[in-house]
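Inspection log for the structure reproduced underneath, given as structure tokens.
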Number of protein chains: 2
Amino acid sequence: MLLSKSCVYGLRASLYLAAREQGEFIPIRNMSDKLEISFHFLTKILQQLTAEGILESFKGPNGGVRLKKSGTEVQLIDIVLAIDGPQLLTECALGLPGCGVKNPCPLHDKWAETRDAIHEMLEKTTLTELVHKGKTENLRLTTDGGFDILFDN
Amino acid sequence: MLLSKSCVYGLRASLYLAAREQGEFIPIRNMSDKLEISFHFLTKILQQLTAEGILESFKGPNGGVRLKKSGTEVQLIDIVLAIDGPQLLTECALGLPGCGVKNPCPLHDKWAETRDAIHEMLEKTTLTELVHKGKTENLRLTTDGGFDILFDN
DNA sequence: GTATTTTAAGATAAAAGAGTCTCAATAATA
DNA sequence: TATTATTGAGACTCTTTTATCTTAAAATAC
Ligand code: SF4
Ligand code: SF4
């Protein structure tokens, strides 16, 4: 799998937050309910994003988490790096230790191209962009629900 | 990680076999020594490739495994599918159940492009091609050794 | 036919990933 | 101040992946 489960959950939650962006703190419990992700597990993942400065959190009643910057400024790669680390972009197909351009394996050239394609996609895509697409086309962030269901209250 | 460890080992072993291709059976023990992979673990992986018809095996003295077809006819995708299955090419970024074109998530269009790039790379690359590149440029299949070291005896 | 070399198959163990549970810390509110 | 709502942090469990170990089956050679 390209991304870990934690990373996928982090992405989905970030999209959720970007879609609600009014500066309000959203309780993690709301998100875990709506996105059908275990509350405690999601909490841990969002703690990582908070630690990395992608989210900010607030404790107590009316607390929750929100994006620290505008969704237009958050690229998917930011979330992937925060949760899964850089392995996806540094390791590769044959996964030999200490590999890279100076000491490559036979797959390196081809793999490097593919890897760059992944990197570019993650780097050029912002949360806001996906949220806009999701809202106009009523796409889904969860098994059943489209954007309309997720945000109807 | 894109590919499982098993899959990476399977790829490396297949490249090794393609590089020696003279129709001879190569004992798995040789490969596990040369490629620095646990013998028993590699054995299991190669059993999968044998079951999928990519390799053929022969028991007893002078036994071992070899490619069933010529290395020019084996694409990387064959090995990936045999070991990791089709998930890489069917699942995706947000990993929602039952997803696809008819019921996509907001990432689908972008992800589909990237996924196709991966697919195409794996589908268009043959073992022989990589072996040729590895031999002419003395690239490596293992931590230290280039092709020259691997096959000097 | 017996010993030897090899793959096949399955049980077991260790490590990593995914998920759950408990309790502490913080903030609001009554 | 006591209660409640919330995130933070850590211990714990479950599952999957990775790796090892043991025994069986097949083929060869003597
Ligand atoms: S040389 Fe390149 S493709 Fe090969 S293992 Fe290293 S990074 Fe991956
Ligand atoms: S809709 Fe496409 S990108 Fe989204 S989860 Fe499904 S296959 Fe992946």
*Separation between CD1 of A/Ile26 and CZ of A/Arg20, rounded to the nearest 0.5 Å*: 3.5 Å
*Would you say A/Ser4 reaches C/dG17's phosphate, i.e. side-chain N/O to OP1/OP2 under 4.0 Å?*
no
*Do A/Lys44 and C/dT20 share a donor-acceptor pair, side chain to base, under 3.5 Å?*
yes
*Distance check: side-chain N/O of A/Tyr9 vs OP1/OP2 of C/dA18, anything under 4.0 Å?*
no
*Nearest-nucleotide wise, let me know which of A/Gly60 and B/Thr43 is further upstream toward the 5' end of DNA chain C.*
B/Thr43
*Could you tell me the separation between the CD atom of B/Glu137 and the NE2 atom of B/His132, rounded to the nearest 0.5 Å?*
9.0 Å
*Would you indicate which nucleotide in D/dT7, D/dT20, D/dA26 comes nearest to any side-chain atom of B/His40?*
D/dT20
*From the options C/dT26, D/dA27, D/dT20, select the nucleotide whose nearest atom is closest to the side chain of B/Lys59.*
D/dA27
*Could you say whether B/Ser57 or A/Ser38 is positioned toward the 5' end of DNA chain C, judged by the nucleotide with the nearest heavy atom to each?*
B/Ser57
*Take B/Lys68 and B/Glu52, measure what side chain to side chain contact (heavy atoms under 4.5 Å, CB included) needs, and give me the verdict at the end.*
CA-CA 10 Å; B/Lys68 195 159 187 178; B/Glu52 295 286 332; over 6 Å; no
*So does A/Asn62 get a side-chain nitrogen or oxygen closer than 4.0 Å to the phosphate oxygens (OP1/OP2) of C/dT29?*
yes
*asked:* Just the rounded figure in Å: distance from P of C/dG19 to CD1 of A/Ile83.
replied: 13 Å
*Rounding to a whole Å, what distance do you find between B/Leu42:CG and D/dT18:C1'?*
13 Å
*For D/dT18, does either OP1 or OP2 sit under 4.0 Å from a side-chain N or O belonging to B/Ser6?*
yes
*OP1 or OP2 of C/dG19 sitting under 4.0 Å from any side-chain N/O of A/Lys5?*
yes
*Side chains of A/Arg12 and A/Thr142: does their closest heavy-atom pair fall under 4.5 Å?*
yes
*Give one of base, sugar-phosphate or nothing for A/Phe58, where a contact means two heavy atoms less than 4.0 Å apart.*
sugar-phosphate
_Quick check for you: among D/dA19, C/dA8, C/dT5, whose closest atom lies nearest to any side-chain atom of B/Pro61?_
C/dT5
